[in-house]
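No experiment lies behind these values; they were computed from the predicted model shown. The chains referred to below are lettered A, B, ... by the order of the sequence lines, with proteins before strands, and numbering in each begins at 1.
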2 protein chains.
Amino acid sequence: MKRVTIGDVAAHAGVSTATVSRVLNGGLVAESTAARVWEAAETLGYSPNALTRSIFAGRASTIGVVIRDLSSPFYLDLIRGIDEVATAADSPVLLANTNRGADREAAQVRAMDQQRVRGLVITAGETTDDHARRMAKNGTPCVVVARTAAGLHSVSLDDVAAGRLMAGHLAGCGRSRVGVISGRDRSTQVKRAEGLRSRLAEHGLPQPEEVQVGDEAEVDEAVAALLGRADAIVCTTGRLTVAVHAALTARGLRMPDDIGFLTMDDFPWASALGITVVAQPSYEMGRRAAEIIVEEPGSPVEVVFEPTLIARGSCGHASA
Amino acid sequence: MKRVTIGDVAAHAGVSTATVSRVLNGGLVAESTAARVWEAAETLGYSPNALTRSIFAGRASTIGVVIRDLSSPFYLDLIRGIDEVATAADSPVLLANTNRGADREAAQVRAMDQQRVRGLVITAGETTDDHARRMAKNGTPCVVVARTAAGLHSVSLDDVAAGRLMAGHLAGCGRSRVGVISGRDRSTQVKRAEGLRSRLAEHGLPQPEEVQVGDEAEVDEAVAALLGRADAIVCTTGRLTVAVHAALTARGLRMPDDIGFLTMDDFPWASALGITVVAQPSYEMGRRAAEIIVEEPGSPVEVVFEPTLIARGSCGHASA
DNA sequence: TAGTTGCATGTAACTAGTTACACCTGCTGT
DNA sequence: ACAGCAGGTGTAACTAGTTACATGCAACTA
């Protein structure tokens, strides 16, 4: 039950702990001694304590990730990207889900700080930015994902461009009365709606009607409010795609004939369902966020990714 | 840049580090002293080092999770369940993805051991069991998910029952020639096929034809090999559902009329697509696994969950 | 042969906390 | 008046490692 320590290995090999440490970390040691130490470590089943190493190094090897919403496909791919880079850098990923609770977000960021993570990827509201900036000042690189934040690294999407892509496609498909269902959170949603509006205006189309929705439960009502007055429903957040799609099909509406449907974020089944989406390169964004942490640039880096439209017909087909 | 330590707080409040520690952890301290310490901690922006605490406690507060396949919906829900319980127990989750590489699995389990995780949830092949048992002997509760393992805790599905559920539904829908597409891995697949075969036999139906598939790329070929000889395709692993479904629809086959389709693991879009599945309670399984770690039972616990059939018509409808 | 060099190793101080123990008050009981 | 006790606090040893520095010893040089 008692853990094997470096001292046990040292005693077994008949050397000091300093020598064992040197063998493990590649210092100057005679080959015969090294062999004895390796053998002792092997027979005792020694597993070096990463925590102790970290306290000496001043920080842990782990990369922290605070996730708003573990069930969203966007965040899942983001984590995959982060994990990929982290594993390559020998950094385990410390994950914390917040379920979009502001208090829980703050608590998790604080917890990550206490764990002395090597760096932190944050997908949380602005409330956590102050703490993140304090961490950054202490030498912990913090990367905000899906929006920008003054004084912090960020990896985000050109949300205005995403909105404009959507509007361009809608116009190309001959849709003129657009109903928008958007999430209640932050800047992302505002910018996408902004891009949508500006480009619709450029096409001489009327401004869209917009309904903000907190969670899945409110979606059906929102759809009901828009139907009749719209020939296309746009959903500006990927996490509501299932719910909006369900609300439409539950009414017997067929896409694209009865109604156009356009949403954010690609997902595995979009192709099978023929749903047109504006995709973000979520996996790449995760990779980039983790890379920033590994590289530790001196001044704030702002990476903006471009969205892509993947046309699959749920909104009709654009005329060239 | 230099981190605030307990010593700094102590100096600022004019007390010893022991007193600060007592204030933070609720020892015997005069109220006036405590107030001075809290104030000092506040003004200096003190954030206690969880690593140092852990090394004293002998282990970290984190719960490790080794995941085979981050893109599978089953594992995602599992993580959500684990995270939920872990957060309630003030334990961050240390996540490691292995992409189904045996060497990477072993390396990640070893890494978790070195991080001195409080407990470990493993969804990996049998190769890692030896190391897990060694960890268990050292006092780290290890829970194997999706299969059982001698001497270790486990949370799994009654896979034979899952196979039998599938066979029962197929028989009820009047399907007689069953083609099975299964993953190449471990016992899970074997048991599901076993359950399937036994119950098909009980119904007097011919034994199914089975094709094992390594990854998505091989699915189309497997489907091609089964078509014509089967009136229903069964997929015994959720991670191939998208690929099998795509292979079927790519051939213009409609479900359930042209071919029956039945697969494992529920997912958000199954309902929209009308796909009949045998579901595992993945979120609950994650919760249970984490609970075992928090409770630390003395002897190995084996929890087996029951699968549920969710009929949605992709295989036809069972007659009563 | 004495001095220099350099490899191999041990000693001890360090990381940032926790905690057993000793100590000093000040109050109560006899 | 003095022992006894309890509350409050500091000292120092402890966790499991890393590393700067000192030392020992052999080989090589002068």
Side-chain angles (χ1 to χ4, degrees), chain A residues 1-38 40-41 44-62 90 111 113-118 138-140, chain B residues 1-38 40-41 44-62 110-111 113-118 138-140:
Chain A
M1 206 74 177
K2 194 79 190 64
R3 273 279 180 177
V4 178
T5 71
I6 198 173
D8 301 329
V9 176
H12 195 272
V15 296
S16 71
T17 62
T19 301
V20 176
S21 175
R22 274 188 288 256
V23 171
L24 264 41
N25 303 316
L28 194 58
V29 196
E31 229 168 278
S32 60
T33 318
R36 274 212 323 289
V37 170
W38 282 121
L44 296 178
Y46 175 61
S47 157
N49 188 329
L51 301 175
T52 312
R53 289 183 156 177
S54 298
I55 128 169
F56 207 87
R59 52 183 56 274
S61 56
T62 51
D90 258 318
D113 189 14
Q114 298 190 355
Q115 293 290 336
R116 296 295 188 266
V117 291
R118 168 181 180 177
N138 280 325
T140 309
Chain B
M1 205 74 177
K2 194 77 191 66
R3 274 276 180 180
V4 178
T5 70
I6 198 174
D8 301 328
V9 176
H12 194 272
V15 295
S16 72
T17 62
T19 300
V20 176
S21 175
R22 275 188 287 256
V23 171
L24 264 42
N25 304 317
L28 194 60
V29 197
E31 228 168 278
S32 60
T33 319
R36 274 211 325 289
V37 170
W38 282 121
L44 295 178
Y46 175 61
S47 157
N49 188 330
L51 301 175
T52 313
R53 289 182 156 178
S54 298
I55 126 168
F56 206 86
R59 51 183 57 274
S61 56
T62 51
R110 222 175 305 126
D113 190 13
Q114 298 190 357
Q115 293 289 336
R116 296 295 188 266
V117 291
R118 168 180 180 177
N138 280 324
T140 309

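- Each of B:Arg118, B:Arg116, B:Arg59 was evaluated against B:Thr140; a single residue qualifies, B:Arg59, per the side-chain contact (heavy atoms from CB on, under 4.5 Å) test.
- Atoms OG1 and CG, on A:Thr17 and A:Asp8 in that order, are 11.0 Å from each other to the nearest 0.5 Å.
- Residue B:Thr33 has no polar side-chain atom (N or O) positioned under 4.0 Å from OP1 or OP2 of D:dG8.
- We find the CG-CD distance between B:Leu51 and B:Gln115 to be 8.5 Å, quoted to the nearest 0.5 Å.
- Between the side chain of A:Arg36 and the backbone N or O of A:Ala13 there is at least one donor-acceptor pair closer than 3.5 Å.
- Rounded to 10 degrees, the angle separating the terminal helix axes of the helix from C:dT1-D:dA30 to C:dT30-D:dA1, each built from five base pairs, is 60°.
- Here the closest heavy-atom approach between residue A:Val29 and residue A:Thr33 is recorded as CG1-CB, 3.8 Å.
- Nearest heavy-atom pair, A:Ser54 versus A:Ser61, reported as atom, atom and distance to 0.1 Å: OG-N, 4.0 Å.
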Which letter, B, S or -, goes with each nucleotide of nucleotides 14-20 of chain C from 5' to 3', with contact meaning a protein heavy atom under 4.0 Å?
BBBBBB-
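- Exactly one residue among A:Val37, A:Val9, A:Ile6 makes a side-chain contact (heavy atoms from CB on, under 4.5 Å) with A:Ser21. That residue is A:Ile6.
- How far OG1 of B:Thr52 is from CD1 of B:Ile55: 7.0 Å, rounded to the nearest 0.5 Å.
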